[in-house]
**Q** 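Have a look at this one before I ask anything.
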Number of protein chains: 4
Amino acid sequence: MGAKANRTEKHILAKAREIFSKKGFKSVTMQDIVDACDISRGGLYLHFSSVEDIFLAVLKAEDSNSADSSTLSSDEGESESDLSQGINVSTEVSASDRFASFLKEQKRFILRRKDGLSLALMEYYSGHSASPDDNYIKNRFDNCIITIEAIVSDGVESGEFECEDIAGFARNLAYVLEGLKTMASVISISEQAVDKEMFYVLQGIVPVDQYTN
Amino acid sequence: MGAKANRTEKHILAKAREIFSKKGFKSVTMQDIVDACDISRGGLYLHFSSVEDIFLAVLKAEDSNSADSSTLSSDEGESESDLSQGINVSTEVSASDRFASFLKEQKRFILRRKDGLSLALMEYYSGHSASPDDNYIKNRFDNCIITIEAIVSDGVESGEFECEDIAGFARNLAYVLEGLKTMASVISISEQAVDKEMFYVLQGIVPVDQYTN
Amino acid sequence: MGAKANRTEKHILAKAREIFSKKGFKSVTMQDIVDACDISRGGLYLHFSSVEDIFLAVLKAEDSNSADSSTLSSDEGESESDLSQGINVSTEVSASDRFASFLKEQKRFILRRKDGLSLALMEYYSGHSASPDDNYIKNRFDNCIITIEAIVSDGVESGEFECEDIAGFARNLAYVLEGLKTMASVISISEQAVDKEMFYVLQGIVPVDQYTN
Amino acid sequence: MGAKANRTEKHILAKAREIFSKKGFKSVTMQDIVDACDISRGGLYLHFSSVEDIFLAVLKAEDSNSADSSTLSSDEGESESDLSQGINVSTEVSASDRFASFLKEQKRFILRRKDGLSLALMEYYSGHSASPDDNYIKNRFDNCIITIEAIVSDGVESGEFECEDIAGFARNLAYVLEGLKTMASVISISEQAVDKEMFYVLQGIVPVDQYTN
DNA sequence: AATGAATGAGCCTTCATTCAT
DNA sequence: TATGAATGAAGGCTCATTCAT
């Protein structure tokens, strides 16, 4: 694939991402994408053969993006997979800080629903029972749990946190975050509401209140 | 409206509900409903003017149903609005029992996603920023919290539960349930997984383990 | 199906037949048919779901037509299946007359290539290896042979014809007719050329020349 | 035109011939040819400006081939124009042998419909009423008749054949062959069926049976 | 009230052809 | 010469909606 084609595809995916985040998956048409990209009908088909094809490419790009952004928070393309961002810097950083960072990231994602593919993902997977491995939402959820467990586990060791059932706590928090994402994608949710919720969860493991956004 | 028309409409709404729960909102066509109802195209338009019209009628019927169902459990169409079912029976029932009943109901709803309008609701409201009052999802969520607060509050009074932040607990549980619903609608989720999660939440307020499904 | 729909379908098939005979099968588009029928796109799809669907319906109509037309030669819709027309009137008619009638019919079909579906049939079956039973061309060919055999056999009995290998003669004539049809559909062929050919074949079985068109 | 261009064109035509023989004329796209030739879109247009252009070039190449092949039998691409092959070797060969050779060639062509351009030719000429001179099918047919006449004429002179109406016989056989080709291109036809037909025709002129495939 | 044929807009997909590199 | 990205026209299919019966 030539450099030109590559550039075109990146452009298409960027535009398509915006559209998916705005309209979900089901209502997006090839026409929508053609219009947004200022490209010809045939030109689009040269690169992608269907809306689904484009959507999956967008998801793949999300993953690559989040892999890259572990060191530098880019001003655009904040992705849902940034969940673990900030935890692999170095072990010198306290678990509390890492947890705060994690929650801040989640909060940002929850509130900026314009950037979110949640709705699109639900619409897509609800009609495409994909193999577990391919299921973006499940993977995201599982990774989220793993990240939480890692952080809390470290925190318990260092005495920063108190938690008897780390796995339970992680799962619980993951569901709360998922619930927040769902609600945010449908009704508008205030920053305070998110803060309140995260604060509540933190209380369960932090002996002394350390969380301030 | 004659009795006959009324019966026809009820029939249409019942069939439409099934379709919405299976396909969501966006993918449902008038043809789908015509086919399922064994009615003519023109006949359907005599009663409803669009898919949206039908969907809103289905939601309204849901509400009536759940209002009715406090006394009578309808034979089909267990609805998402049944959340509060079981709390207004009588105060003689213990809070624990009511809570167990509530959770059981939630669990059933989470697992039987076939009966659920969650996806349809998300699809509909994500594109129809309705006035807060009309927002079915928000209302459902708020009612869920109120129900939980009421039960837990009673339970604390009677000594069955221990909880310092009832509002926080209720909100937290509501989000967990919402998260479970989301995950269930996208990936398949086992009964054990739901049990585990509910058990985890209960631990937070129940001094002695009382929850068994 | 209501009477109206039935009329529409007949109209569509009549127009479609003209188109197929003019353009063959492969180049015919739904658009062509829509234009010719003065019907809407959707209207056409209400009755037929594809060009193939219409083509097969045209063939079926051909068969019905030819079955009907055994007594009365209609002014339109002369079909390729009229081969046997005129032979089942009564046994009082001499074999020679019946053969003459048969050949006249064949000649008419060969020359009026505008009415012929030969090209369309070839294009269709070359890409749709149908089951032998469904193969219109094969059936037509086989019926043609049977008809010839029957007539010649009668003629031999009555002393009108002389033929030692009736089956061979019938097959040979059938191939000649097929060859004439093919050539006529591609290059223009004169009436004289057809006459000459038929006369040649007749010579093989007729002691005294009886064939005049 | 450089030698390289020449080689490229030959390669294109060879591949195109295969495609035309498989798909006929109408269904062949530039893309089909591009794919088969492992050439670029633009590259193909450098040599040929349309599918029709390529098809005509294929036909022209056929003719050259068959002219050449009177001395050298090409390893592939047995062409329909090989009809006359074998008759211009030398007059020392008996007419019977030459006729047998001719029929064998025809038989091979009829049975190996994969190699045949019949369908493509019909599709092409049916929509392009070409001037008589350019009509490949008519020319082929006429040449076929001439060849037969020549052979039979020699055979009659040498006493090998008996035939009063040589022209009639030749025409008749040509039509039979054409009919066989048509049937073979649409339904599958067995070697026995072809043999039977050729044997029947031969009986008309051969006093003693000499034909064995 | 009810039917279902008909309409036309909208989106999907493919293809011949052009053109900058 | 050669490449392959891009274009736009053409045709396919579906759907909400209307309307004569």
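Only a predicted model underlies this, so the values are computations on that prediction, with no experimental measurement involved. Below, chains carry the letters A, B, ... as their sequence lines are ordered, and counting in each starts from 1. Atoms considered below: every heavy atom in the structure, side chains included; atoms not considered: hydrogens, waters and symmetry mates.
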**Q** Output the rounded distance in Å from NZ (Lys26(B)) to C1' (dT14(F)).
**A** 18 Å
**Q** Would a line drawn from the ring center of Tyr124(A) to the ring center of Phe55(A) be shorter than 6.0 Å?
**A**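 So the answer is yes for these two rings.
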**Q** Does the pair Phe48(D) and Leu13(D) meet the rule for a side-chain contact (heavy atoms from CB on, under 4.5 Å), with working shown?
**A** CA-CA 10 Å; Phe48(D) 302 98; Leu13(D) 293 181; 3.7 Å; yes
**Q** Which string of ( ) [ ] | and . matches DNA chain F, if you list each base 5' to 3' and count Watson-Crick or G-U pairs only when both distances are under 3.5 Å?
**A** .||||||||||||||||||||
**Q** When the distance from NE2 of His11(A) to C1' of dA5(F) is rounded to whole Å, what number comes out?
**A** 15 Å
**Q** Does some side-chain heavy atom of Val28(D) sit less than 4.5 Å from a side-chain heavy atom of Lys22(D)?
**A** no
**Q** Does a side-chain N or O from Thr8(A) land closer than 4.0 Å to OP1 or OP2 of dA5(F), or not?
**A** no
**Q** Round to the nearest Å and state the distance from Arg7(D) atom CZ to dT1(F) atom P.
**A**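 In whole Å, dT1(F) P and Arg7(D) CZ are 12 Å from each other.
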**Q** Between Glu52(C) and Phe25(C), is the side-chain contact (heavy atoms from CB on, under 4.5 Å) condition met? List the steps.
**A** CA-CA 8 Å; Glu52(C) 175 172 358; Phe25(C) 173 74; 4.3 Å; yes
**Q** In whole Å, what is the span from the CD1 atom of Ile33(C) to the C1' atom of dC13(F)?
**A** 14 Å
**Q** Using heavy-atom distances to pick each residue's nearest nucleotide on DNA chain E, tell me which of Asp38(C) and Leu46(B) is more 5'.
**A**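 Comparing both residues, the 5'-ward one is Leu46(B).
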**Q** Look only at the side chain of Glu123(A) and the backbone of Gly24(A), and say whether a donor-acceptor pair between them is shorter than 3.5 Å.
**A** no
**Q** If I take atom CZ in residue Phe48(B) and atom P in nucleotide dA16(F), what distance separates them, rounded to the nearest angstrom?
**A** 16 Å
**Q** For Asp53(A) and dT13(E), what is the distance between atoms CG and C1' respectively, to the nearest whole Å?
**A** 14 Å
**Q** Would you please confirm or rule out a distance under 4.0 Å between OP1 or OP2 of dA1(E) and any side-chain N or O of His47(B)?
**A**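 Checking His47(B) against dA1(E): no side-chain N or O falls below 4.0 Å of OP1 or OP2.
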**Q** Quick one: Phe55(B) CZ to dA16(F) P, roughly how many Å, whole number?
**A**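 My rounded result for the distance is 16 Å.
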**Q** As an exercise, state the distance from CZ of Arg17(B) to CG of Leu117(B), rounded to the nearest 0.5 Å.
**A** 4.0 Å
**Q** For Ile19(B) versus Asp32(B), what's the shortest heavy-atom pair and its separation?
**A** CD1-O, 3.6 Å
**Q** Can you name the nearest heavy-atom pair linking Lys26(B) to Leu119(A), along with the distance?
**A**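 Distance-wise, the nearest heavy atoms are NZ-CD2, 4.4 Å.
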**Q** For nucleotides 15-21 of chain E, just jot down a letter per nucleotide in 5' to 3' order: B, S or -, based on protein non-hydrogen atoms under 4.0 Å.
**A** SBBB---
**Q** How long is the line joining CG of Leu44(A) and C1' of dT14(E), in whole Å?
**A** 13 Å
**Q** How many angstroms lie between atom CG of Leu59(A) and atom CG of Leu121(A), to the nearest 0.5 angstrom?
**A**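 Interatomic distance, Leu59(A) CG to Leu121(A) CG, rounded to 0.5 Å: 5.5 Å.
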